[in-house]
Amino acid sequence: NGEAGDWYRLRYDLCLADACAGLMHRALKDAAAFAGARTRGARAVISHQEVRFKLAEMLTLMQTCELLNQRARWMLDTGDHEAATLVGCARVFGAENAERVASDAMQITAGSGYVKGGVSERAYRDAKGLALAGTSVELSRMAIADELLERY
């Protein structure tokens with residue numbers, strides 16, 4: 001059944017968007033712990049303005065991803081006609097920003113962020129995988145654009 005298949009695909013894509021938010025949380029937690037515990041030169045890593053700005057941006061992206069996912073889930077649960085579009089938006093936002101947050105975490109954690117099996121390295125690898133899983137980001141973008149063209 002096409003309708004049932006669509007329902008499962010949307011739920012799967014939303015689960016992937018949730019996984020992106022979880023990945024962002026892990027990467028942010030790792031970067032913040034590193035920055036709070038380590039020094040560069042005579043200063044704590046966390047005392048550098050560029051590190052603090054990166055952490056703030058990472059938190060903002062993670063929170064935005066979580067809110068977008070919650071709204072998409074609510075629309076899906078209530079049968080809103082724009083639910084599929086919002087799930088696509090959550091999917092695209094989550095996948096692209098999970099990679100960005102993981103990359104920032106690797107920059108903050110410096111050399112230890114590149115060690116195979118480390119939290120930041122794993123987050124970056126997983127972010128790439130999440131972008132490819134389910135409905136790809138490119139296909140999601142096309143579906144969003146198609147819906148917009150129909151609406152307007």
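Just so it is clear, the model here is predicted, and its values are computed rather than measured.
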Check: From C20 SG over to L61 CG, what is the distance, rounded to the nearest 0.5 angstrom?
Finding: 12.0 Å
Notebook entry, point to check: Can you tell me how far the CG atom of D146 sits from the CG atom of L139, to the nearest 0.5 Å?
Noted result: 10.5 Å
Margin query: Is there a path of hydrophobic side-chain contacts, each under 4.5 Å between heavy atoms of I/L/V/M/F/W/Y residues, joining L10 to V92?
Written below: no
Next item on the list: Could you walk me through whether Q107 and D104 pass the side-chain contact (heavy atoms from CB on, under 4.5 Å) test, one step at a time?
Entry: CA-CA 5 Å; Q107 288 180 338; D104 286 349; 3.7 Å; yes
Margin query: If I take atom CZ from residue R71 and atom CG from residue L76, how far apart are they, to the nearest 0.5 angstrom?
Written below: 12.5 Å
Check: Under 4.5 Å between any side-chain heavy atoms of M58 and M24, yes or no?
Finding: no
Check: Just how far is it from atom CZ of R91 to atom SG of C65, taken to the nearest 0.5 Å?
Finding: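 Spacing of CZ (R91) from SG (C65) equals 10.5 Å.
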Checklist line | Spatial distance of atom CG (L55) from atom OG1 (T60) [nearest 0.5 Å] | finding: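 Nearest 0.5 Å value for the CG-OG1 distance: 10.5 Å.
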Note to self: What I'd like to find out is whether the side chain of D6 reaches to under 4.5 Å of the side chain of R9, using heavy atoms alone.
What the structure shows: yes
Notebook entry, point to check: Any idea which heavy atoms bring A35 and V51 closest together, and the distance?
Noted result: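 What the structure gives for the nearest pair is CB-CG1, 4.0 Å.
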Check: So, does S103 use its side chain to make a donor-acceptor pair with the main chain of E99 at under 3.5 Å?
Finding: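 Here the side-chain-to-backbone pair does not exist.
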Check: Could you give the distance from CH2 (W74) to CG (L86), rounded to the nearest 0.5 Å?
Finding: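 Taking CH2 in W74 and CG in L86, the distance rounds to 10.0 Å.
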Notebook entry, point to check: Do you know the tightest heavy-atom contact between S120 and D30?
Noted result: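 Of all heavy-atom pairs spanning S120 and D30, the closest is OG-OD2, 2.7 Å.
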Check: F93, V87: one ILVMFWY side-chain cluster at the under-4.5 Å cut-off?
Finding: no
Next item on the list: Please tell me if the side chains of V101 and M62 come closer than 4.5 Å, counting only heavy atoms from C-beta onward.
Entry: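 Answer no - side chains too far apart.
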Margin query: Between R125 and E121, does any NZ, NE, NH1 or NH2 come within less than 4.0 Å of an OD or OE carboxylate oxygen?
Written below: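 Yes, E121 and R125 are salt-bridged.
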Check: Do L68 and L14 sit in the same hydrophobic cluster, where Ile, Leu, Val, Met, Phe, Trp and Tyr count as joined when their side-chain heavy atoms come under 4.5 Å apart?
Finding: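 No, it is not one cluster - the side chains of L68 and L14 are not joined through contacts under 4.5 Å.
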Notebook entry, point to check: If every non-hydrogen atom of A123 is compared with every non-hydrogen atom of A27, which pair is closest and at what distance?
Noted result: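 Nearest heavy atoms, A123 then A27: CB-CB, 4.1 Å.
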Note to self: Are more than 12 heavy atoms, taken from residues, nucleotides or ligands other than E50, located less than 6.0 Å from that residue's CD atom?
What the structure shows: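 Result for CD/E50: enclosed.
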Note to self: If you count heavy atoms of other groups shown closer than 6.0 angstrom to CZ of R52, is the number above 12?
What the structure shows: no
Notebook entry, point to check: Transitive ILVMFWY cluster of L16 at side-chain heavy atoms under 4.5 Å: who else is in it?
Noted result: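 Answer for L16: Y12, L23, L130.
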Notebook entry, point to check: If you look at every heavy atom in R40 and I108, which pair is closest and at what distance?
Noted result: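 So the two residues come closest at NH2-O, 2.8 Å.
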Margin query: Between R11 and D77, does any side-chain N to carboxylate O distance fall below 4.0 Å?
Written below: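 Answer for the salt bridge query: yes.
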Margin query: Could you check whether atom NE2 of H25 has more than 12 heavy atoms from other residues, nucleotides or ligands sitting under 6.0 Å from it?
Written below: no
Check: Side chains of C89 and I144: closer than 4.5 Å at any heavy-atom pair?
Finding: yes
Notebook entry, point to check: Are V45 and L28 connected in the hydrophobic side-chain network, where two residues link if heavy atoms are under 4.5 Å apart?
Noted result: yes
Notebook entry, point to check: Linking I/L/V/M/F/W/Y whenever any side-chain heavy atoms sit under 4.5 Å apart, do V137 and M142 land together?
Noted result: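 Cluster IDs for V137 and M142 differ.
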